[in-house]
Amino acid sequence: MQAVKILVKEHEVMLEMLDNLAAARNMLEKGKQPPKEFFEKAVAFARDFADKFHHFKEEYLLFGLLAQKKDGALDAEIGVLRYEHERGRTFINNITGSIEGYADGDEIAAARLLENIAAYISIFKRHIYSENQVFFKLAEQELSDNEDKILMVQFQKDEERIADRDFFSHSRKLVGEMSKLIDK
Ligand SMILES: [Fe+2]
Ligand SMILES: [Fe+2]
């Protein structure tokens, strides 16, 4: 199913970003200080790529279509995935709010940064795993080829509306820049 393939490919970039974030978390745990720019790039990626570009496709298009088709039978599963997206947004807002203080040497801000990064990594590792291994497999069973085509048209339309044409490669580059900032 093409639509699922696209989402899985986006997950690969998101997992690379989570690996960078985990390396930064390990540094923070040992009292080292990744540069402020690293976290600014992490926030930009989480907001623009993970949230606007990727979660939008899932929440409004794939989940929407499946919920309609299964008439409420998948509400619990979809509810968890939406909840995790929402928690991710909260963690990213908290990270954003602690970057300046962290850069100024505020220890409470550094603790808050670490706490929210750890939570973000943890929730999205689980989230991506369960989408790839469970939810997307279910979607592939439930949706017809025609529905896949409809989703692909909608994905394309929304991508054009949300981002410019090179957005995927720009986002991938951003993840590469993050790893350079922490010598990973
Ligand atoms: Fe998701
Ligand atoms: Fe996802």
Side-chain angles (χ1 to χ4, degrees), residues 1-22 24-25 41-96 116-144 147-164 166-176 178-179:
M1 198 183 156
Q2 288 306 311
V4 162
K5 272 198 192 123
I6 290 202
L7 295 172
V8 169
K9 199 172 144 212
E10 290 171 1
H11 280 172
E12 285 166 14
V13 188
M14 289 164 72
L15 286 169
E16 268 177 54
M17 186 279 205
L18 290 177
D19 280 348
N20 284 337
L21 219 48
R25 179 199 58 201
K41 285 182 194 293
V43 163
F45 180 90
R47 288 201 166 135
D48 297 336
F49 187 86
D51 229 27
K52 284 199 199 103
F53 193 71
H54 178 79
H55 295 158
F56 185 91
K57 288 192 197 99
E58 291 178 342
E59 287 201 26
Y60 292 95
L61 305 175
L62 179 66
F63 298 176
L65 183 62
L66 266 171
Q68 206 182 1
K69 194 161 184 193
K70 296 296 286 177
D71 200 22
L74 293 175
D75 282 1
E77 287 87 344
I78 291 174
V80 175
L81 296 175
R82 278 190 207 278
Y83 170 78
E84 289 169 340
H85 288 173
E86 189 53 46
R87 293 304 291 153
R89 286 189 270 273
T90 302
F91 299 140
I92 290 300
N93 287 341
N94 293 343
I95 290 168
T96 306
N116 283 281
I117 283 171
Y120 187 85
I121 295 166
S122 176
I123 212 161
F124 275 106
K125 284 232 162 159
R126 171 189 146 106
H127 182 89
I128 290 173
Y129 181 86
S130 86
E131 283 182 342
N132 283 354
Q133 302 302 323
V134 184
F135 195 77
F136 289 175
K137 292 209 159 56
L138 194 76
E140 285 183 312
Q141 282 167 19
E142 295 294 338
L143 298 177
S144 67
E147 283 166 329
D148 185 29
K149 276 191 198 123
I150 292 169
L151 270 179
M152 285 301 293
V153 171
Q154 287 175 329
F155 276 15
Q156 208 160 1
K157 253 195 219 159
D158 277 311
E159 282 189 7
E160 281 164 16
R161 187 176 57 77
I162 294 165
D164 56 43
D166 299 326
F167 184 69
F168 188 86
S169 56
H170 281 161
S171 302
R172 192 171 246 171
K173 222 173 106 201
L174 186 63
V175 175
M178 281 177 70
S179 70

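Computed from heavy atoms alone, side chains included, the values below leave out hydrogens, waters and symmetry copies. Counting convention: from 1, in listed order, for ligands and their atoms alike.
- More than 12 heavy atoms of other residues, nucleotides or ligands shown are found within 6.0 angstrom of CD on Glu140.
- A 4.5 Å side-chain heavy-atom check between Phe53 and Asp158 finds every atom pair outside the cut-off.
- More than 12 non-hydrogen atoms from other residues, nucleotides or ligands lie less than 6.0 angstrom from CG of Asp164.
- Protein atoms of type N/O/S that fall under 2.8 Å from the Fe ion (ligand 2) number 4 in this view.
- Of the charged side-chain nitrogens involved, none lies within less than 4.0 Å of a carboxylate oxygen, so that Glu142 and Lys69 do not count as a salt-bridged pair.
- For Gln133, the CD atom is densely surrounded, since the number of other residues' heavy atoms within 6.0 Å is greater than 12.
- At least one test fails for Lys52 against the ring of Phe167: distance under 6.0 Å to the centre or angle within 45° of the axis.
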